[in-house]
Amino acid sequence: MSTSPNPATTGPYAIVETSGTQFWVQPNRYYDLDRIHADVDSTVTLENVLLVNDGTAATVGQPYVKAATVELKVLEHRRGPKVIVYKMRPKKKTRRKNGHRQELTRVQVQSITVGGKALA
């Protein structure tokens, strides 16, 4: 059994690039991205859209789809789970313990637009 989403049943989606990573986004869902410098309840527009699927056909950009945008609404700023980094050199009495929590922004996808026409 495959765990990957079936494109025929998922509806419209887009693959966007933000913060150096690529995300598969769908309308009316929320995602945690690296910290975006925007106020809570503001709208952010992403123009680095790599692929758009309207439910029937996919449009692939070279490298980006022309006139395609994804609107995001900033829900909150959060911090990710704590990751412990522990380095030790055996027989040298050298130990170093660090913690890290990634700064994240939770956003909700408002709409996916191609050529001025909203898909959802």
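Just so it is clear, the model here is predicted, and its values are computed rather than measured. One-based numbering along the sequence shown.
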Chemist: Is the closest side-chain heavy-atom distance between Thr113 and Leu119 below 4.5 Å?
Modeler: no
Chemist: Using every non-hydrogen atom in the two residues, find where Val49 and Ala14 come nearest and quote the distance to one decimal.
Modeler: CG1-CB, 4.3 Å
Chemist: Taking atom CG of Leu50 and atom OG1 of Thr59, what is their separation to the nearest 0.5 Å?
Modeler: 12.5 Å
Chemist: Which heavy atom of Ile112 sits nearest a heavy atom of Pro27, and at what distance?
Modeler: CD1-CD, 3.9 Å
Chemist: Check for me, please, whether Leu33 and Val40 land in the same ILVMFWY cluster - side-chain distances under 4.5 Å, paths through other members count.
Modeler: no
Chemist: With the 4.5 Å side-chain cut-off for hydrophobic clustering, are Val114 and Val44 part of the same group?
Modeler: yes
Chemist: Less than 4.5 Å apart, any side-chain heavy atom of Ile15 and any of Phe23?
Modeler: no
Chemist: Can you list every side chain to side chain donor-acceptor pair (under 3.5 Å) pair that touches residues 42-52, not counting sequence neighbours?
Modeler: none
Chemist: Between Tyr30 and Val25, is there shared hydrophobic-cluster membership here, with clusters defined by ILVMFWY side-chain heavy atoms closer than 4.5 Å?
Modeler: no
Chemist: With a 4.5 Å cut-off on side-chain heavy atoms, are Val74 and Thr105 touching?
Modeler: yes
Chemist: Out of curiosity, Arg29 CZ to Tyr13 OH, how far, rounded to the nearest 0.5 Å?
Modeler: 12.5 Å
Chemist: Ignoring hydrogens and angles, write down the donor-acceptor pairs under 3.5 Å from the side chains of residues 62-73, residues two or more places apart or on other chains.
Modeler:
{"residue": "Tyr64", "atom": "OH", "partner": "Glu17", "partner atom": "OE1", "Å": "2.7"}

Chemist: Quick check: closest heavy atoms across Asp34 and Ser19, and the distance to 0.1 Å?
Modeler: CB-OG, 3.6 Å
Chemist: Does some side-chain heavy atom of Tyr31 sit less than 4.5 Å from a side-chain heavy atom of Gln26?
Modeler: yes
Chemist: Looking at Ala38, is its backbone amide N or carbonyl O close enough to the side chain of His77 to form a donor-acceptor pair, meaning the two atoms are under 3.5 Å apart?
Modeler: yes
Chemist: Write out all pairs satisfying side chain to side chain donor-acceptor pair (under 3.5 Å) with one or both partners inside residues 90-103, taking only residues at least two apart or from two chains.
Modeler: Arg35-Glu103, Arg79-Glu103, His100-Gln102
Chemist: Consider only side-chain heavy atoms of I, L, V, M, F, W and Y, link residues closer than 4.5 Å, and tell whether Leu75 and Val16 are in one cluster.
Modeler: no
